[in-house]
Novice: 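Please see the structure below; I have some questions.
As a basis for the values below, the full set of heavy atoms in this structure was taken, side chains included, without hydrogen atoms, waters or symmetry mates.
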Amino acid sequence: MTELRRAAQDAAGRWFVSLLCDDPSVQPLPAIGQAIGVDVGLNHLLTLSTGEKIANPRHERRDRAALARQQLRLAKKEKGSANRARARLKVARIHARIADRRRDGLHKLTTRLVRENQTVVIEDLTVRNMVKNRKLARAISDAAWSEFRSMLEYKAQWYGRGVIAVDRWFPSSRLCSACNTLQGTMPLNVRTWTCDCGTTHDRDVNAAHNLLAAGLAVTVCGAGVRPQRSTPDRRSATKQKPSRREPYPPPSGRGEVKTAYHTTMIHHPMIFEDGA
């Protein structure tokens with residue numbers, strides 16, 4: 001069955017046609033016993049719990065000079081003139097080229113993660129609040145963390161995989177993945193640190209390890225499950241931020257840390273069906 005839903009033209013003058021059809025190639029993949037934690041960032045777009053780091057391509061930066069030049073020319077054109085319409089089209093085409101490259105890269109990354117892993121654990125970030133930081137807004141927008149998560153979620157639903165979102169208040173970067181000791185304040189410029197137990201951590205890799213451990217704790221004991229992000233009000237039924245009087249639980253055991261933070265389970269079928 002194929003049904004034409006809509007046709008539209010974007011700001012760059014390109015036409016798009018939306019079709020509703022059944023795709024027989026989209027089928028659940030065979031279950032595997034592989035899970036991975038993913039920490040997003042700016043220096044590296046993704047850091048995996050396997051230790052792999054995926055570079056941030058910074059698509060907007062590549063065309064920043066050309067975009068600024070065309071925007072300056074647009075500003076000098078008379079409003080309502082044909083020259084202004086042509087200049088506006090050139091600016092729109094640069095924006096479209098940046099968005100297309102970004103979307104293509106995210107599609108390749110998310111498809112790889114979903115195909116290679118049964119469970120993907122990510123952090124539940126509030127990007128709309130993070131972009132209020134004027135110093136990092138452009139870099140965060142270019143990284144497109146929200147689009148990355150959306151792609152990951154619907155592809156996981158297609159292929160029978162699981163996506164777990166750990167609450168953003170979980171201190172993944174400051175928690176030692178070896179001894180569970182919670183460190184104090186850690187500025188963003190600290191990329192490596194050494195715990196009292198003698199273990200030296202890469203900040204991002206350590207965060208990915210902790211996210212994976214916290215996410216898998218939910219699959220074992222169902223601790224701290226929150227509603228899906230797609231709920232109508234998009235609010236958690238439980239308080240997300242730790243109380244000021246009880247900031248974080250004592251790091252005496254991994255279970256205490258993991259059950260103290262609320263976690264979202266999204267599109268999560270049976271995990272580790274092969275008994276792994």
Side-chain angles (χ1 to χ4, degrees), residues 1-32 34 36 38 40 45-46 54 56-60 62-63 66-67 70-71 74 82 85-122 124-128 131 140-165 227-235 264-271 273:
M1 180 191 72
T2 303
E3 177 185 348
L4 176 64
R5 301 302 297 270
R6 60 189 293 267
Q9 186 181 29
D10 68 357
R14 303 177 300 179
W15 282 94
F16 292 87
V17 177
S18 299
L19 299 174
L20 177 64
C21 61
D22 296 325
D23 188 356
S25 64
V26 179
Q27 297 292 336
L29 297 172
I32 56 177
Q34 180 69 25
I36 196 168
V38 180
V40 297
L45 183 61
L46 301 179
I54 299 174
N56 187 354
R58 302 182 186 274
H59 299 289
E60 185 271 340
R62 189 186 309 179
D63 279 340
L67 180 60
Q70 293 299 334
Q71 286 176 328
L74 173 62
R86 284 191 290 268
R88 184 206 59 78
L89 187 60
K90 291 181 180 180
V91 172
R93 286 175 177 171
I94 295 177
H95 278 296
R97 184 166 65 245
I98 294 172
D100 288 346
R101 285 202 306 261
R102 182 186 298 120
R103 193 177 302 111
D104 178 68
L106 291 177
H107 270 302
K108 292 175 181 177
L109 284 176
T110 51
T111 299
R112 174 197 161 190
L113 290 174
V114 168
R115 289 186 178 275
E116 295 180 354
N117 302 278
Q118 180 69 30
T119 305
V120 181
V121 184
I122 59 176
D124 185 19
L125 299 174
T126 52
V127 179
R128 60 186 176 187
V131 294
I140 293 174
S141 298
D142 191 30
W145 294 336
S146 294
E147 190 172 6
F148 165 77
R149 174 173 175 173
S150 297
M151 289 183 180
L152 200 62
E153 289 177 3
Y154 78 70
K155 290 180 182 180
Q157 186 178 28
W158 281 358
Y159 298 113
R161 301 307 200 199
V163 176
I164 300 177
Q228 296 186 11
R229 193 180 65 165
S230 57
T231 51
D233 58 359
R234 294 194 176 186
R235 294 182 180 179
T264 306
M265 298 181 66
I266 305 167
H267 307 318
H268 207 285
M270 295 181 63
I271 299 178
E273 295 180 1

Novice: How close do Arg102 and Ala144 get, counting heavy atoms only, and between which atoms?
Specialist: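 Answer, listing the atom of Arg102 first, then Ala144: CD-CB, 3.4 Å.
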
Novice: Just wondering, do Val38 and Val121 contact through their side chains at under 4.5 Å, heavy atoms?
Specialist: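 Val121 vs Val38: side chains apart.
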
Novice: For Glu147, which of Leu106, Val127, Thr110 qualifies under side-chain contact (heavy atoms from CB on, under 4.5 Å)?
Specialist: Leu106

Novice: Do Asp124 and Arg149 pass the side chain to side chain contact (heavy atoms under 4.5 Å, CB included) test, and can you show the C-alpha distance, the side-chain angles, and the key distance before you say yes or no?
Specialist: CA-CA 9 Å; Asp124 185 19; Arg149 174 173 175 173; 2.6 Å; yes

Novice: Throw together a table of side-chain donor-acceptor distances under 3.5 angstrom for residues 12-20, partners on residues two or more places apart or in other chains.
Specialist:
from: Arg14; atom 1: NE; to: Asp10; atom 2: OD2; distance (Å): 2.9
from: Arg14; atom 1: NH1; to: Asp100; atom 2: OD2; distance (Å): 2.6
from: Arg14; atom 1: NH2; to: Asp10; atom 2: OD2; distance (Å): 3.0

Novice: To the nearest 0.5 Å, how far apart are CG in Asp63 and CD1 in Ile94?
Specialist: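 Reported to 0.5 Å precision, the distance equals 6.5 Å.
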
Novice: Here's a test for you: under side-chain contact (heavy atoms from CB on, under 4.5 Å), which of Arg115, Gln27, Gln118 qualifies with Tyr159?
Specialist: Arg115

Novice: CD/Glu116 to CD/Gln34 distance, rounded to the nearest 0.5 angstrom?
Specialist: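 Atom-to-atom, Glu116:CD and Gln34:CD are 8.5 Å apart.
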
Novice: Using 0.5 Å steps for rounding, measure from the OG1 atom of Thr111 to the NZ atom of Lys155.
Specialist: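 That separation rounds to 3.0 Å.
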
Novice: Does any part of the side chain of Phe148, heavy atoms only, come nearer than 4.5 Å to the side chain of Leu45, both counted from C-beta?
Specialist: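 Leu45 does not reach Phe148 side chain to side chain.
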
Novice: Holding to side chain to side chain contact (heavy atoms under 4.5 Å, CB included), I want the full list of residues that pass it with His95, two or more places apart in sequence or in another chain.
Specialist: Leu67, Gln71, Val91

Novice: Assess whether a salt bridge exists between Arg58 and Asp142, defined as any Lys/Arg side-chain N lying under 4.0 Å from an Asp/Glu carboxylate O.
Specialist: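 Between Asp142 and Arg58 there is no salt bridge, as every charged N stays at least 4.0 Å from the carboxylate O atoms.
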
Novice: Starting at OG1 of Thr119, measure out to CD1 of Ile32 and round the result to the nearest 0.5 Å.
Specialist: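 Taking OG1 in Thr119 and CD1 in Ile32, the distance rounds to 9.0 Å.
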
Novice: For the CH2 atom of Trp158 and the CG atom of Leu29, what is their distance to the nearest 0.5 Å?
Specialist: 12.0 Å

Novice: Can you tell if the side chain of Gln70 reaches within under 4.5 Å of the side chain of Leu89, non-hydrogen atoms only?
Specialist: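 Side chain of Gln70 against side chain of Leu89, heavy atoms only: no contact under 4.5 Å found.
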
Novice: Is there side-chain contact between His59 and Arg97, with heavy atoms separated by less than 4.5 Å?
Specialist: no

Novice: CD1 of Ile54 to NZ of Lys108: how many Å apart, nearest 0.5 Å?
Specialist: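 Going from CD1 on Ile54 over to NZ on Lys108, the span is 13.0 Å.
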
